[in-house]
Amino acid sequence: MTGAGVVFLTTFLAAVVEAIEMVTIVVGVGATRGYRYTLIGAAGGLVVLAIAIAVGGIALAAIPIGPLRLVIGSLLLLFGLQWYRKGIVRVAARGFAGYHPQELQEEEGPPESGFDWTAWFLAFKGVTLEGLEIAIIVVSFGASAGQLGPSILGGAAAIVVIGATGFAIKGPLERIPRSFLQLVVGTLLTSFGTFWALEGLGVTWPQSDGDIVLLLVFYALSAAIFIGLERRARPRLLAVAQS
Amino acid sequence: MVVRVAGAVGKFIYGYIFGDDWMVAVVMILALVATGLLLRAGVNAWWLVPVLAVAMTGFSLWRRRATIARTA
């Protein structure tokens, strides 16, 4: 039987990786579309998770995480690419000045009234998938080490610590212009979506989880090139529009 | 009421998946299918989706510029 301290530390560190992914999505979506419906979605995800843990218990370790990753990753990838592209267009057009009033009218962004299903859905999915992965780590590691208590504490501590860190950076994030934030969140969603979807398919990433960082760099550099191309084409387009 | 809710849900799902450029979504879904087939053939094609995602973004931006130039 492994020592309680070792089990706590191992599950804490393993859960921190998943918790960072979970909180990144929640904070990013919240800063872009508002926190109200994002947090409702995150809370909904936690409720589903709590029910899954209560009903499934130890059997959670048997959940086929691959198909779940494929579905959720694909949805994040498809939606992330939309924000990625819109972010490129807006940052190219306005830099860090934010949205153009005309673009605001076209934007299907946070509704002025009513439920923001997009924010809810993105946060719900992120929390459910990552939370389920944390639960599986906790249950499988804790059960195999014969130390379920310290394992649960390690997983819960990781969520609290990373959640509190995310809440602490919420303020500074809100000061970033929305057009730029949309590009950043689009890049994050596209990177996580690519990683999860392909992992769900059974792809072996050369650097394992480290490839999430490489995907982020790849998509960010590509966005920088596209912004440059858009800016070069802009005067020509304006000239055509005025002729 | 049911029709209205179903319509709203359908609109949300379409907007969520296809957005304002359905071609990007279709190519990315095909890229995922192709990656799955390549995996079955023994090729670990982790590079296909990221490369096509960037290529399709570039294509979509180019199409947008071309449309603006045409309609101006």
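Predicted model only: the values in this text are computed from it and were never measured.
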| field | Interchain contact, A:Leu77 with chain B, by part (heavy-atom threshold 4.5 Å) | value | side chain

| message | Give me the atom names and distance for the closest heavy-atom approach of A:Tyr219 to B:Ala53. | response | OH-CB, 3.6 Å

| said: When you compare the side chain of A:Leu198 with that of B:Leu32, does any pair of heavy atoms fall below 4.5 Å? | reply: yes

| remark: Between B:Gly19 and A:Gln82, the two heavy atoms sitting closest are CA-OE1, 3.2 Å

| Is it true that atom OH of B:Tyr14 has more than 12 heavy atoms of other residues, nucleotides or ligands lying nearer than 6.0 Å? | yes

| query | With a 4.5 Å limit on heavy-atom distance, are the side chains of A:Glu230 and B:Arg64 in contact? | reply | yes

| query | Is it the side chain or the backbone of A:Leu81 that comes within 4.5 Å of chain B heavy atoms, both, or neither? | reply | side chain

| message | Is B:Leu61 close to chain A through its backbone or its side chain, or both, or neither, when contacts mean heavy atoms under 4.5 Å? | response | both

| Which atoms of A:Phe121 approach chain B - backbone, side chain, both or neither, heavy atom under 4.5 Å | side chain

| task | Find out whether B:Val54 and A:Phe226 are in side-chain contact, i.e. whether some heavy atom of one side chain is under 4.5 Å from a heavy atom of the other. | result | yes

| field | Which portion of A:Leu215 sits near chain B, non-hydrogen atoms under 4.5 angstrom | value | side chain

| note | Of all heavy-atom pairs linking A:Val203 and B:Trp46, the shortest is CG1-CB, 3.4 Å

| request: Please report the shortest heavy-atom distance between A:Thr194 and B:Pro50, naming the atom on each side. | output: CG2-CG, 3.9 Å

